[in-house]
Amino acid sequence: MVNFKKARERMVETQLAARGIGDARVLEAMRKVPRHMFVDEALRDQSYNDHPLPIGEQQTISQPYIVALMTESLGLSGGEKVLEIGTGSGYQTAILAELAGRVFSIERHPALAQRANQILQQLGYQNCIIRVGDGSLGWRDDAPFDGIIVTAGTPAIPQPLVDQLAMGGRLIVPVGDKLGQDLYKVERAPEGIRKTNLGGVRFVDLVGKWGWKE
Ligand code: SAH
């Protein structure tokens, strides 16, 4: 039986801090959120390891380092309104709920959305809302967002997400083919849209109107 708190400490030191994650608030959130609660009981002992894990519906909970990198890239200081596309296990949602004011998250698989919602409730998170639907369309009713994070790979940046960014807001999105993508940071500045390539990643498909076809 793994000591989860110790495993989490070790994960933060060896997988995150040692690889350049420097935002103290992000490291603190990753030290706090019980990642093992977001995976199947049979996989709990592996939940702090340096790789993704299956969560059902052929989807995965992302590797801890990728969660940290994407979260840090959002540059949250507290109080922001954030949109997540691809709730999956709900783990990334919890990390965002620790760091932002309000979190809106969209998942296309009802079963995953329901389970994530249940765990987030159980852990006491009251500042996040999960909706079932096609997140490639964004969440127009509550736009604009200070941060948008897409946790599935897409052939091109979904235009609705760029449109739903607040001035100064940031969108983090993996763009590429099905075998590999580049993680992009898209910032809306007064001068226009600025894009930065943060490096190579591998995600499951974003399936929807502005992603891959079913
Ligand atoms: N952040 C999640 C990652 C889950 S994997 C975690 O840490 O657990 C990506 C998720 O995106 C999957 O659950 C998949 O079902 C979902 N997804 C794919 N296309 C989507 C879309 N168009 N809208 C909403 N969710 C989508």
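We count ligands from 1, going down the list as the structure has it; atoms in each ligand are counted the same way. Here, residue 1 is the first one in the sequence, and each next residue gets the next number. Quick caveat: nothing in here was measured; it's all calculated off a predicted structure.
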Report yes or no: does [X] have a heavy atom closer than 4.0 Å to ligand 1?
X	answer
V67	no
G133	yes
G211	no
K209	no
L137	no

Interfacing atoms of ligand 1 (cut-off 4.0 Å, heavy-atom, [X]):
X	answer
D205	18 (C), 19 (N)
S62	7 (O)
I106	24 (C), 25 (N)
V204	5 (S), 9 (C)
L112	13 (O)

**Item:** Heavy-atom nearest neighbour of atom 20 (C) of ligand 1 within options R108, E84, R131
**Value:**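 Answer by nearest heavy atom: R108.
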May I ask you to decide whether [X] forms a salt bridge with [Y], counting only side-chain N to carboxylate O separations under 4.0 Å?
X	Y	result
E214	R108	yes
R102	D146	no
R31	E13	yes

**Item:** Full working for side-chain hydrogen bond (donor to acceptor under 3.5 Å, both in side chains) between Q92 and S62
**Value:** CA-CA 8 Å; Q92 170 84 72; S62 304; 6.0 Å; no
**Asked** Partners of W139 by side-chain hydrogen bond (donor to acceptor under 3.5 Å, both in side chains), sequence neighbours excluded?
**Response**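 For W139 the side-chain hydrogen bond (donor to acceptor under 3.5 Å, both in side chains) partners, ignoring immediate neighbours, are D142.
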**Message:** Within this structure, what is the CD1-OG1 distance for the pair I172 and T71, rounded to the nearest 0.5 Å?
**Reply:**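 The distance works out to 9.0 Å.
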**Lys NZ or Arg CZ of R131 over F104 ring: under 6.0 Å, within 45°** =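 Here R131 fails the 6.0 Å and 45° test against F104.
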**Item:** Y125 and E98: side chain donor to acceptor below 3.5 Å
**Value:**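 Their side chains do contain a donor-acceptor pair, which is all the 3.5 Å distance test asks for.
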**Asked** Can Y91 and R35 be counted as having a side-chain donor-acceptor contact under 3.5 angstrom?
**Response**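 On atom types as modelled, these side chains do not qualify, holding no pair under 3.5 Å.
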**Asked** Residues in ring pair (Phe, Tyr, Trp, His ring centres under 6.0 Å) with H109, at least two apart?
**Response**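 Once residues adjacent in sequence are excluded, H109 has no partner under the ring pair (Phe, Tyr, Trp, His ring centres under 6.0 Å) criterion.
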Could you identify the single nearest non-hydrogen protein atom to [atom] and state the distance to 0.1 Å?
atom	value
atom 12 (C) of ligand 1	Q59 OE1, 3.3 Å
atom 9 (C) of ligand 1	T151 O, 3.2 Å
atom 16 (C) of ligand 1	E107 OE1, 3.4 Å
atom 5 (S) of ligand 1	T60 O, 3.1 Å

Close N or O approach ([X], ligand 1; < 3.5 Å):
X	answer
G86	yes
V207	yes
S89	yes
G135	yes

**Request:** Please step through side-chain hydrogen bond (donor to acceptor under 3.5 Å, both in side chains) for the pair T87 and E107, ending with a clear verdict.
**Result:** CA-CA 5 Å; T87 316; E107 169 57 51; 4.7 Å; no
**Message:** Surrounding CZ of R19 (heavy atoms of other residues, nucleotides or ligands, distance under 6.0 Å), is the total greater than 12?
**Reply:**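 Enclosed.
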